[in-house]
Amino acid sequence: VPFYNYGGTIGLAQGTFALNSSALFNGGFLNGSGAVSFNNGLQNNQTLSANGITLSLNGAWVNAGTINATNAVLNLGGTFTLSTLGTFNTSGVVEYLTGTFNNTGTALLLGSSVGSWIMNGGTITGGTVTTTNGAALLVGSGGGTLNAVTVNGTLDVGDSYYNGSGVVLSVLNGLTL
């Protein structure tokens, strides 16, 4: 059964709200201190605001609008591209790459509006990742894979974010720094 939200608010005091069917958002707010998981995709067409929550995007998802996140945790899972990533504006947000980002033939800019990405089991395939304004591509305890990627800027493998041993970055088909 699909879930539709046409501009309403989902408030969570705590706990988890998991949607295991497809979801359509035409604007709306996700507020609170809990977690919202879109496990079978999300189609966001307008502005989705996530404040103080953990937002997990899994499955095949498309952000054709804007996601504004403040003081939140974003888990970018599933499989997505730069065009389906859409517009993200973040402030005080921790962003984990847990899925597969197909960046072939495109360039991802991590900077003032998107912030740093922490690879936590995620994969980036192809293209260029450029970091500016203090943002970085970080590899956390869950590791990550870079497959034929060029990184212009800061690539931090376990030093700043996860200060410990055992962080693994797998490189396939070359890495250009």
K.L.:
Would you compute the distance between atom CG of Leu42 and atom OG of Ser37 and round it to the nearest 0.5 angstrom?
P.N.:
11.5 Å

K.L.:
Indicate the atoms forming the closest heavy-atom contact of Met119 with Gly144, along with that distance.
P.N.:
CE-CA, 3.9 Å

K.L.:
Could you state the interatomic distance from OG1 (Thr47) to CG (Asn68), rounded to the nearest 0.5 Å?
P.N.:
6.0 Å

K.L.:
Do Leu110 and Leu175 share a hydrophobic cluster, counting only Ile, Leu, Val, Met, Phe, Trp and Tyr and linking them when any side-chain heavy atoms are less than 4.5 Å apart?
P.N.:
yes

K.L.:
What is the ring orientation for Trp61 with Phe80, classed by angle as parallel under 30°, tilted 30 to 60°, or perpendicular over 60°?
P.N.:
tilted

K.L.:
Rounded to the nearest 0.5 Å, what's the gap from CG on Asn63 to CG on Leu48? Could you check?
P.N.:
7.5 Å

K.L.:
Kindly determine whether Val94 and Ile118 satisfy side chain to side chain contact (heavy atoms under 4.5 Å, CB included), including the steps that lead there.
P.N.:
CA-CA 8 Å; Val94 178; Ile118 302 165; 3.7 Å; yes

K.L.:
What do the steps show when you test Trp117 against Tyr96 for ring pair (Phe, Tyr, Trp, His ring centres under 6.0 Å), and what is the final call?
P.N.:
CA-CA 6 Å; Trp117 278 12; Tyr96 292 102; over 10 Å; no

K.L.:
Which heavy atom of Gly52 sits nearest to which heavy atom of Ala72, and what is that distance?
P.N.:
N-CB, 4.2 Å

K.L.:
Which heavy-atom pair separates Val149 from Ile124 by the least distance, and what is that distance?
P.N.:
CG2-O, 3.4 Å

K.L.:
Measure the OG1-CG distance between Thr84 and Asn102 for me, rounded to the nearest 0.5 Å.
P.N.:
9.0 Å

K.L.:
Run the side chain to side chain contact (heavy atoms under 4.5 Å, CB included) check on Asn103 and Val129 step by step: do they pass?
P.N.:
CA-CA 9 Å; Asn103 196 36; Val129 177; 4.2 Å; yes

K.L.:
Short question: side chain of Thr90, backbone of Ser113 - any donor-acceptor pair under 3.5 Å?
P.N.:
yes

K.L.:
Indicate yes or no: at least one non-hydrogen side-chain atom of Thr132 is less than 4.5 angstrom from one of Thr130.
P.N.:
yes

K.L.:
Kindly say whether Thr100 contributes a backbone atom to a donor-acceptor pair with the side chain of Thr123 at under 3.5 angstrom?
P.N.:
no

K.L.:
Hydrophobic clusters here meaning ILVMFWY residues chained together by side-chain heavy-atom distances under 4.5 Å, can you tell me if Leu155 and Phe101 are in one?
P.N.:
yes

K.L.:
Do Val93 and Phe88 sit in the same hydrophobic cluster, where Ile, Leu, Val, Met, Phe, Trp and Tyr count as joined when their side-chain heavy atoms come under 4.5 Å apart?
P.N.:
yes

K.L.:
Okay, side chain of Asn44, backbone of Gln46: is any donor-acceptor separation there less than 3.5 Å?
P.N.:
yes

K.L.:
For a quick test of reading the model, state the closest non-hydrogen atom pair linking Val168 to Val139 and the distance between them.
P.N.:
O-CG1, 3.9 Å

K.L.:
When you compare the side chain of Ser56 with that of Val36, does any pair of heavy atoms fall below 4.5 Å?
P.N.:
no

K.L.:
For a quick test of reading the model, state the closest non-hydrogen atom pair linking Ala69 to Leu74 and the distance between them.
P.N.:
CB-CD1, 4.2 Å

K.L.:
Quick one: OG1 on Thr125 to CG on Leu146, what's the gap to the nearest 0.5 Å?
P.N.:
9.0 Å

K.L.:
Are Val167 and Leu169 in one and the same hydrophobic cluster, where Ile, Leu, Val, Met, Phe, Trp and Tyr link if side-chain heavy atoms are under 4.5 Å apart?
P.N.:
yes

K.L.:
So do Thr131 and Asn152 actually touch side chain to side chain, heavy atoms under 4.5 Å?
P.N.:
no

K.L.:
Please walk me through it: do Asn45 and Gln43 pass side-chain hydrogen bond (donor to acceptor under 3.5 Å, both in side chains)?
P.N.:
CA-CA 6 Å; Asn45 293 326; Gln43 172 72 42; 2.6 Å; yes

K.L.:
Looking only at heavy atoms, which two atoms of Ser116 and Ala136 are closest? And how far apart?
P.N.:
OG-N, 2.8 Å

K.L.:
Would you compute the distance between atom CG of Leu57 and atom CD1 of Ile67 and round it to the nearest 0.5 angstrom?
P.N.:
5.5 Å

K.L.:
Leu109, Leu177: one ILVMFWY side-chain cluster at the under-4.5 Å cut-off?
P.N.:
no

K.L.:
Between Leu137 and Val151, is there a side-chain heavy-atom distance shorter than 4.5 Å?
P.N.:
yes

